[in-house]
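Okay, structure first, notes after.
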There are 2 protein chains.
Amino acid sequence: MSDSDALAEKFTQALRDSGIRITRQRAALVDIIAQSEDHPDAVELHRRAADAVPGISLSTVYRTLSALEEHGVIQRLQFEGDTARFEHADLDHHDHMIDVDSGEVVEFQSEEIEALQDALAASMGYEIVHHRMELYVRKTRGKPKS
Amino acid sequence: MSDSDALAEKFTQALRDSGIRITRQRAALVDIIAQSEDHPDAVELHRRAADAVPGISLSTVYRTLSALEEHGVIQRLQFEGDTARFEHADLDHHDHMIDVDSGEVVEFQSEEIEALQDALAASMGYEIVHHRMELYVRKTRGKPKS
DNA sequence: GTTCATGCAAATTCTTTGCATACCC
DNA sequence: GGGTATGCAAAGAATTTGCATGAAC
């Protein structure tokens, strides 16, 4: 519990520092997002937020999500043929693997791949601002190939 | 010219084989897509198609694009905060680099990265169905760092 | 007390769909 | 000729926005 509390506290501080007001709605959303281990969309966040702040409107959720994204608190995800999903911006960058059968989302990271991306961009005269990598996968049948 | 003509022919054949009718609208769109070196969206394709088939409707463009995607003729791209864009499905898979300043899209490929992706997925018990990798980049200022 | 954020409803944007007519095979 | 594709207009889904009221600092 205190893990996500600390995260929420950190996010709140960042928002406060940037001068934006911490309303009940925003505080609730920050808490929910800090606690979330999944990748909810705006409607789902609205549903969850309504427990803490009955009557919160979906517009507020959308507006808050945009604000949180701008301030680096959350990451907006856009998987194929799906609505926008969100996750908190944690310390370590990671990418996503989506099981096309179950819809399950698995996070992963690969420093080797990131290094290659950087090298590749550099070789073409660019530097990477950010990137997106999604692997649409399926569980391997039987045992891993011998 | 004959290069994209050959491609268009190949696509048309694939469609014919799968039993879907080749109407004037579809033929025009296949031609346009085979010739396109950029990444147009549905509205832009509609504009281009209207030269060959005046009166073609945007719905038909959308419907045709879905059909072409289903039959493996085109690839649907979804860059950040942008509408869907399309490119023809060529032999060689590639990914995209988007210049965040100019909006320019550059294609690239990296067999090393793909190999790492495969290995990574396999190590987690998955096989890759397809993937998406987008690098949002900015031109390196001055000379490459010494 | 000001100013900024909220809620509501309406507007926007992109895309899909129902239906009568037209066209491909 | 038969059945699928088209055009039109309307519907849909996700997200954004204008405005009057309410809440944070």
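All chains are named by letter (A, B, ...) in the order of the sequence lines, taking the proteins before the strands, and each is independently numbered beginning at 1. Because only heavy atoms are used, hydrogens play no part in the values below, and waters and symmetry mates are left out as well, while side chains stay in.
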Looking at [range], who's got a heavy atom less than 4.0 Å off DNA chain D?
{"range": "residues 13-22 of chain A", "result": "A:R21, A:I22"}
{"range": "residues 46-55 of chain A", "result": "none"}
{"range": "residues 23-38 of chain B", "result": "B:T23, B:Q25, B:R26"}

Would you say the side chains of [X] and [Y] form a donor-acceptor pair under 3.5 Å?
{"X": "B:Q75", "Y": "B:H130", "answer": "no"}
{"X": "B:H131", "Y": "B:E114", "answer": "yes"}
{"X": "A:E87", "Y": "A:H96", "answer": "yes"}
{"X": "A:Q13", "Y": "A:D17", "answer": "yes"}

Tell me, do [X] and [Y] make a side-chain contact under 4.5 Å, heavy atoms counted?
{"X": "A:R16", "Y": "A:R21", "value": "no"}
{"X": "B:R76", "Y": "B:S66", "value": "yes"}
{"X": "A:I22", "Y": "A:V30", "value": "no"}
{"X": "A:T23", "Y": "A:R26", "value": "yes"}
{"X": "B:F108", "Y": "B:L135", "value": "yes"}
{"X": "A:R132", "Y": "A:Q78", "value": "yes"}
{"X": "A:F79", "Y": "A:V105", "value": "yes"}
{"X": "A:M133", "Y": "B:Q117", "value": "yes"}

**Request:** Please report, rounded to the nearest Å, how far the C1' atom of C:dT15 is from the CG atom of B:L58.
**Result:**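 Result: 8 Å.
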**Prompt:** Can you check the A:R85 CZ to D:dT15 P distance for me, whole Å?
**Reply:**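 About 11 Å, once rounded to whole Å.
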**Angle by which the axis turns from one end of the helix from C:dG1-D:dC25 to C:dC25-D:dG1 to the other, five pairs per end, to 10 degrees** =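 Inter-axis angle at the ends, rounded: 40°.
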Quick one: list whatever passes side-chain contact (heavy atoms from CB on, under 4.5 Å) with [X], sequence neighbours left out.
{"X": "A:T83", "value": "A:D41"}
{"X": "A:R138", "value": "A:V100, A:D101, B:E127, B:V129"}
{"X": "A:V106", "value": "A:M97, A:E104, B:M124, B:Y126"}

**Request:** Return no unless some side-chain N or O of A:Y62 is found under 4.0 Å from OP1 or OP2 of D:dT16.
**Result:**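 A:Y62 to D:dT16 OP1/OP2: no side-chain N or O under 4.0 Å.
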**Asked** Heavy-atom contacts under 4.0 Å between residues 65-83 of chain B and DNA chain C, which residues?
**Response**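 When residues 65-83 of chain B is checked for heavy atoms under 4.0 Å from DNA chain C, the hits, listed by number, are B:T83.
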**Asked** Residues two or more places apart in sequence or in another chain: which of them pass side-chain hydrogen bond (donor to acceptor under 3.5 Å, both in side chains) with B:E107?
**Response**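 Checked B:E107 against side-chain hydrogen bond (donor to acceptor under 3.5 Å, both in side chains); matches are B:H39, B:H94.
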**Asked** Does B:R24 have any side-chain hydrogen bond (donor to acceptor under 3.5 Å, both in side chains) partners at least two apart in sequence or in another chain, and if so, which?
**Response**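 Residues passing side-chain hydrogen bond (donor to acceptor under 3.5 Å, both in side chains) with B:R24: none at all.
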Write out a two-atom table: protein N or O, nucleotide N or O from nucleotides 18-20 of chain D, distance below 3.5 Å.
residue : atom : partner : partner atom : Å
D:dG18  : O6   : A:R63   : NH1          : 3.3

**Message:** From the set C:dT16, D:dG7, C:dT6, return the single nucleotide nearest to any side-chain atom of A:T60.
**Reply:**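 Within the option list, the nearest is C:dT6.
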**Asked** Mind checking what makes salt bridge (Lys or Arg N to Asp or Glu O under 4.0 Å) contact with A:D38, not counting sequence neighbours?
**Response**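 Applying salt bridge (Lys or Arg N to Asp or Glu O under 4.0 Å) to A:D38 gives A:R48.
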